[in-house]
Trainee: 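Quick one: the structure is below, and I'll ask about it shortly.
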Amino acid sequence: MNKLILFELNEVPIRIVDYFRGARPSSWIARNYTKLKKFTTVSENQGHLSPWNTWPTVHRGVSNDRHFIADFNQDLSEVDREFPPIWQLLSRSGIRTGLFGSLHSYPLPSDLSGYDFYIPDVFAAGSECFPDRVEAFQEINLRLSRGSARNVDPGVPYGDVLKGLRGFRGLGFRLGTIADVGGQIVQEKLDPWKTVRRRTYQSVLAFDVFYKLLRDKQPDFVTFFTNHVASSMHRYWAAAFPDEYEDLRYDREWIDTYDNEILFAMGKADKMLERLGRFVDTHPEYKLLVTSSMGQHAIECEPVETQLYIVDHGKFMSMLHLEPGDYAVLPAMLPQFNYAISDAKTSLFENNLRQLRVNGELVGYRQHEGGSFSIDLGQPNLKETAISLNGRSVNIVESGMDNVVIEDKSSSTAYHIPEGHLFSYHPSHHEEPLGEHELPTTEIAPLILRNFGVSVPGYMKSSTVSDHLPV
């Protein structure tokens, strides 16, 4: 049995790993690539792929036609009983577990006795953490996430954040990290467009907190999730790989501005992996697993000048005949908006929502158990915005919606594909051929369970790659 560190590098395909190690031959990934056991992972999910449905597949060992998790803030109590996530299965079996940021991990478990630490994801509805001394950082973490959903909010005071880091004694922030964040603040003054890198620095800060918890507690199994590379790929793939598009409408200035952003984001991920690699080198009872739940590739796109968002929740709900006490705003990743609706108003809300149109098209939404709704907006570059409810026109100001200017003009220049990656690192690994094996993401959870000698539930698949197990 090996202790395991599961580094969840969201949506990064092997294509980007190869691009990075070619451009950065002195990086940790490039230096160690031939010693990694490598897999091309494949998501077997049906329909639209998103991190909110592909990570539950990794964590639960069943695809989305069985777990039915599609959005944040769903009531997961029933699916947790039927298909519990890997951290629940391990902690219940006496495997000391640490969790940091894995998706769908909020709220905290009622029984924390099997965990050394438990820090929920950045879409959590509250800042509760275990240990509770991390909650002050989590409050900042959640604030940064909500202030950088589409445009980075320059109103988020990074100077105050930097001062706060100095005051968070015992959380693990290194002087080098504080200096790096300080340098970022200076760079933003010189080149304001570099505020887009705040998304990456959020993961850099979180990793320091995670690493100290790992070093101090040394649990048997631990996770760390980061979305910063995925965010950069969505926005700036077209800048890094303009030749992959038949009709690229971004100009040369935009390409030259953002062409190194994926490399920048991967560089910060590489520094995290280098620290974990050194940790494994000195603690050989551990193995490092680096994985994604799917990947990305180029899609045809055009510059996005504006997107339609809800900017005033009160006006939006008033349009749908709800009062302030009838709803609560839930965390979401734009262009999705999530709400919890009171039982008394659920039918009224849905009846109105199903008659809400933008330029004649019905607005998409999903209702979840427990009275929560997910609403899909984000219509780009609207020349006119005609909003109607139950056949009657609604002024856009009174609707609570607006066409928000997108500062970097980035659209989704890359989007989700089933193929991702899984790499395994240990100092005892010998150099291997560069070819990769294929691994369905439903088989990651059973591989981890077998490593710890924990019984694999009958609903999980048996491995088809037993000759090349990464653990």
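Sequence positions, counted from 1, serve as the residue numbers for this chain.
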Trainee: Looking just at side-chain N and O atoms, do Asp281 and Tyr286 make a donor-acceptor pair shorter than 3.5 Å?
Mentor: no

Trainee: In terms of ring plane angle, is the pair Tyr365 and Phe373 parallel, tilted or perpendicular, where the classes change at 30° and 60°?
Mentor: tilted

Trainee: Looking only at non-hydrogen atoms, find the nearest pair between Ala298 and Trp237 and report the distance.
Mentor: CB-NE1, 3.6 Å

Trainee: Look up atom CD1 in Ile448 and atom CG in Leu289, then write down how far apart they are to the nearest 0.5 Å.
Mentor: 6.0 Å

Trainee: Check whether the side chains of Glu285 and Asn2 place a donor and an acceptor atom closer than 3.5 Å, and report yes or no.
Mentor: no

Trainee: Decide if atom CG of Leu190 counts as having more than 12 heavy atoms of other residues, nucleotides or ligands within a radius under 6.0 Å.
Mentor: yes

Trainee: Lys268 and Asp270: salt bridge (Lys or Arg N to Asp or Glu O under 4.0 Å), yes or no, with the steps?
Mentor: CA-CA 5 Å; Lys268 297 302 183 184; Asp270 184 75; over 6 Å; no

Trainee: Verify the distance criterion only: is there a donor paired with an acceptor across the side chains of Tyr236 and Asn260 at less than 3.5 Å?
Mentor: no

Trainee: Could you verify whether a donor N or O on one side chain and an acceptor N or O on the other, from Thr282 and Arg278, lie under 3.5 Å apart?
Mentor: no

Trainee: Ignoring hydrogens and geometry, is there a side-chain-to-backbone donor-acceptor pair from Glu244 to Ala238 under 3.5 Å?
Mentor: no

Trainee: State, to 0.1 Å, how close Phe123 and Asp121 come at their nearest heavy-atom pair, and which atoms those are.
Mentor: N-OD1, 2.8 Å

Trainee: Return yes if a side-chain donor-acceptor contact under 3.5 Å exists between Ser50 and Asn53, otherwise no.
Mentor: yes

Trainee: Here's one to test your reading of the geometry: is the NZ or CZ of Arg275 within 45 degrees of the ring axis of Tyr211 and under 6.0 Å from its centre?
Mentor: yes

Trainee: Do the non-hydrogen side-chain atoms of Val404 and Gln307 ever get within less than 4.5 Å of each other?
Mentor: no

Trainee: Angle between ring planes, Phe7 versus Phe207, binned at 30° and 60°: parallel, tilted or perpendicular?
Mentor: perpendicular

Trainee: Would you indicate whether the side-chain heavy atoms of His437 and Lys38 approach each other to under 4.5 Å?
Mentor: no

Trainee: Salt bridge (Lys or Arg N to Asp or Glu O under 4.0 Å), that's the test. Do Arg96 and Asp116 meet it? Break it down for me.
Mentor: CA-CA 6 Å; Arg96 300 301 306 175; Asp116 285 329; 2.9 Å; yes

Trainee: We want to know whether His416 and His234 form a side-chain donor-acceptor pair, criterion being a heavy-atom distance below 3.5 angstrom.
Mentor: yes

Trainee: Taking it one step at a time, do Asn359 and Glu384 satisfy side-chain hydrogen bond (donor to acceptor under 3.5 Å, both in side chains)?
Mentor: CA-CA 8 Å; Asn359 291 353; Glu384 60 180 35; 5.4 Å; no

Trainee: Are side-chain heavy atoms of Lys37 and Phe423 found at a separation under 4.5 Å?
Mentor: no

Trainee: Apply side-chain hydrogen bond (donor to acceptor under 3.5 Å, both in side chains) to the pair Thr41 and Thr441, showing each step before the final yes or no.
Mentor: CA-CA 6 Å; Thr41 58; Thr441 56; over 6 Å; no

Trainee: Roughly how far, to the nearest 0.5 Å, is the NE2 atom of His421 from the OG atom of Ser292?
Mentor: 5.0 Å

Trainee: Would you tell me whether Thr97 and Tyr115 have side-chain atoms, one donor and one acceptor, within less than 3.5 Å of each other?
Mentor: no

Trainee: Within 45° of the axis and under 6.0 Å from the centre of the six-membered ring of Phe20, does NZ or CZ of Arg15 qualify?
Mentor: no

Trainee: Does Lys315 offer a backbone N or O that forms a donor-acceptor pair with the side chain of Asp312 under 3.5 Å?
Mentor: yes

Trainee: Less than 4.5 Å apart, any side-chain heavy atom of His104 and any of Pro85?
Mentor: no

Trainee: State whether a side-chain donor-acceptor pair under 3.5 Å links Ser293 with Thr54.
Mentor: yes

Trainee: Start with the C-alpha gap between Val12 and Leu9, add the side-chain angles, then the distance that decides, and say whether side chain to side chain contact (heavy atoms under 4.5 Å, CB included) holds.
Mentor: CA-CA 6 Å; Val12 174; Leu9 187 57; 3.6 Å; yes

Trainee: Taking the side chain as every heavy atom from C-beta outward, state whether Ile29 and Leu273 have any atom pair closer than 4.5 Å.
Mentor: yes

Trainee: How are the rings of Phe452 and Phe221 set relative to one another: parallel (under 30°), tilted (30 to 60°) or perpendicular (over 60°)?
Mentor: perpendicular

Trainee: Nearest heavy-atom pair of Glu305 and Asn381: which atoms, and what distance?
Mentor: N-OD1, 2.7 Å

Trainee: Could you check if a side-chain atom of Asp180 sits within less than 4.5 angstrom of a side-chain atom of Tyr201, using non-hydrogen atoms only?
Mentor: yes

Trainee: Can you confirm whether the side chains of Thr195 and Glu188 place a donor and an acceptor under 3.5 Å from each other?
Mentor: no

Trainee: Between Trp254 and Tyr258, what is the ring plane arrangement, given parallel below 30°, perpendicular above 60°, and tilted in between?
Mentor: tilted

Trainee: With distance as the sole criterion, is a donor-acceptor pair present between the side chains of Asn45 and Ser63 under 3.5 Å?
Mentor: no

Trainee: Does any N or O in the side chain of Ser412 come within less than 3.5 Å of the main-chain N or O of Ala414, such that one atom is a donor and the other an acceptor?
Mentor: no

Trainee: Ignoring hydrogens and angles, state whether a donor on the side chain of Gln74 or Ser372 is under 3.5 Å from an acceptor on the partner side chain.
Mentor: no

Trainee: Could you tell me the separation between the OG atom of Ser203 and the CZ atom of Arg198, rounded to the nearest 0.5 Å?
Mentor: 15.0 Å

Trainee: Can you find a pair of side-chain heavy atoms, one from Pro427 and one from Val280, that are under 4.5 Å apart?
Mentor: yes

Trainee: Going by distance alone, is a donor N or O of one side chain under 3.5 Å from an acceptor N or O of the other, for Asn403 and Thr385?
Mentor: yes

Trainee: Any chance the side chains of Glu302 and Tyr250 put a donor and an acceptor closer than 3.5 Å?
Mentor: no

Trainee: Quick one: closest heavy-atom pair of Tyr339 and His313, and the distance?
Mentor: OH-ND1, 2.7 Å

Trainee: Report yes or no: does Glu443 contribute a side-chain atom to a donor-acceptor pair with the main-chain N or O of Pro440 at less than 3.5 Å?
Mentor: no

Trainee: For Asp402 and Leu308, run side chain to side chain contact (heavy atoms under 4.5 Å, CB included): C-alpha distance rounded to whole Å, both residues' side-chain angles, the deciding distance at 0.1 Å, then the answer.
Mentor: CA-CA 6 Å; Asp402 196 10; Leu308 184 68; 5.7 Å; no

Trainee: Just wondering, are more than 12 heavy atoms of other shown residues or ligands nearer than 6.0 Å to NZ in Lys194?
Mentor: yes

Trainee: Indicate whether any N or O donor in one side chain lies under 3.5 Å from an N or O acceptor in the other, for His368 and Asp71.
Mentor: yes

Trainee: Looking at Arg21, Glu274, Arg24, which one forms a side chain to side chain contact (heavy atoms under 4.5 Å, CB included) with Arg31?
Mentor: Glu274

Trainee: Taking all atoms of both residues into account, what is the closest heavy-atom pair of Ala240 and Tyr19, and its distance?
Mentor: CB-OH, 3.8 Å

Trainee: Are any non-hydrogen side-chain atoms of Leu103 and Pro56 less than 4.5 angstrom apart?
Mentor: no

Trainee: Tell me, with the steps shown, if Leu276 and Phe224 meet side chain to side chain contact (heavy atoms under 4.5 Å, CB included).
Mentor: CA-CA 11 Å; Leu276 292 176; Phe224 178 81; over 6 Å; no

Trainee: Apply side chain to side chain contact (heavy atoms under 4.5 Å, CB included) to residues Arg197 and Gln184 and explain how you reach the verdict.
Mentor: CA-CA 8 Å; Arg197 295 181 174 179; Gln184 166 67 14; 3.8 Å; yes

Trainee: Could you point out which residue of Asp80, Thr442, Ile86 forms a side chain to side chain contact (heavy atoms under 4.5 Å, CB included) with Arg60?
Mentor: Asp80

Trainee: Return the minimal non-hydrogen interatomic distance between Trp52 and Ile69, and the atom names on each side.
Mentor: O-CG2, 3.5 Å

Trainee: Any salt bridge between Arg366 and Asp376, counting N to O under 4.0 Å?
Mentor: yes

Trainee: Quick one: does Thr177's side chain have a donor or acceptor within less than 3.5 Å of a partner on Phe173's backbone?
Mentor: no

